[in-house]
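One structure is given below, encoded as structure tokens.
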Number of protein chains: 2
Amino acid sequence: MENHQIINGKETHTLSAEENEEVNAIAALLKTMAHPIRLKILCLLQDKEMTVGDIQSEVKTTNANVSQHLSILRNHGIIVYRKDANFIYNRIADHRILKLIQTMHDLFCSCN
Amino acid sequence: MENHQIINGKETHTLSAEENEEVNAIAALLKTMAHPIRLKILCLLQDKEMTVGDIQSEVKTTNANVSQHLSILRNHGIIVYRKDANFIYNRIADHRILKLIQTMHDLFCSCN
DNA sequence: TCAGAATTTAACAAAATACTTTAATGCTAA
DNA sequence: TTAGCATTAAAGTATTTTGTTAAATTCTGA
């Protein structure tokens with residue numbers, strides 16, 4: 001529900017109370033994604049599941065650190081996991097996150 | 001330039017050195033946007049220029065705080081400004097930022 | 001059951017961010 | 001030139017985030 005206003009003959013908008021809350025939620029989402037390691041993890045998870053170990057070999061840091069970042073992503077509902085034997089396979093939970101990553105890729109990555 | 005790999009018959013990708021740098025840059029961009037006040041400012045600036053005073057009346061905080069957030073956005077090249085008399089009019093610098101905000105809006109805002 | 005691999009948890013210090021207050025700057029209009 | 005508004009800068013504290021280390025879990029295969 002947007003709040004529209006006519007200023008100088010042009011339609012613009014201010015933020016309604018609900019929109020305000022939505023912006024807060026989106027800011028929280030962005031904040032969760034806005035860490036180099038976490039964003040790399042999300043890029044890697046675009047087209048496959050990965051374990052902590054898989055991710056650790058791509059993103060140079062410790063297991064514990066990867067695990068912590070994964071749990072941050074999980075706590076925000078950005079990724080989910082399934083267990084299989086000793087391994088935990090992580091994947092992106094929400095198609096909207098995929099879409100957002102795709103958009104950022106299209107907009108900001110040189111590789112066309 | 002992406003790095004492709006065939007794993008289990010499926011094509012997936014890892015991060016090349018250049019991609020790695022690009023991800024870092026995008027993470028920095030997201031980090032700058034990932035603050036409720038700054039994101040609100042960007043939403044408000046979608047379709048108009050605004051002064052510190054204009055923004056302050058929409059986003060409930062002090063002038064100094066708005067000014068600081070604007071200067072953070074400016075330092076990251078996300079917004080630019082023009083001076084006119086006593087006022088400084090801010091606007092979004094890059095159409096890609098606009099596109100990104102639009103996408104987030106489409107994906108995550110209930111208002112269709 | 002036991003050894004070992006994969007992952008998580010907890011605790012802590014270091015670094016980065018955020019908001020407030022107050023002082024300073026720049027511009028205008030009278 | 002001066003008063004007053006708009007904006008920025010500086011300084012300080014409080015809070016949050018981060019990465020490391022070491023210990024604890026969890027599960028499997030022998």
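For I72(B) and dA10(D), the CD1 to P distance is 14 Å, given to the nearest whole Å. Distance N65(B) CG to dA10(D) P: 17 Å, rounded to the nearest Å. Remark: C1' of dG19(D) and CD1 of I41(A) are 14 Å apart, rounded to the nearest angstrom. In this structure, the CG atom of D84(A) is 12 Å from the P atom of dC27(D), given to the nearest Å. The nearest whole Å value for the distance from the OH atom in Y89(B) to the C1' atom in dA6(D) is 11 Å. When rounded to the nearest whole Å, the span between CG of N63(A) and C1' of dA23(D) equals 15 Å. As a whole-Å value, the separation of N90(B) CG from dA6(D) C1' is 12 Å. Straight-line distance from the CE atom of M50(B) to the P atom of dT7(D): 11 Å, rounded to whole Å.
No donor-acceptor pair under 3.5 Å is formed between the side chain of H76(A) and the backbone N or O of I78(A). The backbone N or O of L73(A) sits nowhere less than 3.5 Å from a side-chain atom of R38(A) that would complete a donor-acceptor pair. Of the possible polar contacts, one joining the Q46(A) side chain to the C43(A) backbone as a donor-acceptor pair under 3.5 Å is found. Between the side chain of N90(B) and the backbone N or O of Y81(B) there is no donor-acceptor pair closer than 3.5 Å.
Side chains of D54(B) and T51(B): a donor on one and an acceptor on the other come within 3.5 Å.
Here H69(A) does not reach the OP1 or OP2 of dT18(D): none of its side-chain N or O atoms lies under 4.0 Å away. A close approach under 4.0 Å does not occur between any side-chain nitrogen or oxygen of K83(B) and OP1 or OP2 of dA6(D).
Between T61(A) and L70(B), it is L70(B) whose nearest contact on DNA chain D lies nearer the 5' terminus. For the pair F87(A) and Q68(A), both in contact range of DNA chain C, the more 5′-proximal nearest nucleotide belongs to F87(A). If H35(A) and I88(B) are placed on DNA chain D by their nearest nucleotide, the residue sitting closer to the 5' end is I88(B).
Using a 4.0 Å cutoff to heavy atoms of chain B, the contacted part of DNA chain C runs 5' to 3' from dA16(C) to dT28(C).
T51(B) comes within 4.0 angstrom of the backbone, heavy atoms only, and of no base.
Listed nucleotides: dT18(D), dA9(D), dT21(D). Nearest to the side chain of A64(B): dA9(D).
If you chain together hydrophobic residues whose side chains sit under 4.5 Å apart, F87(A) and V66(A) never meet in one group.
To the nearest 0.5 Å, atom CD of residue Q102(A) and atom NE2 of residue H95(A) are 12.5 Å apart.
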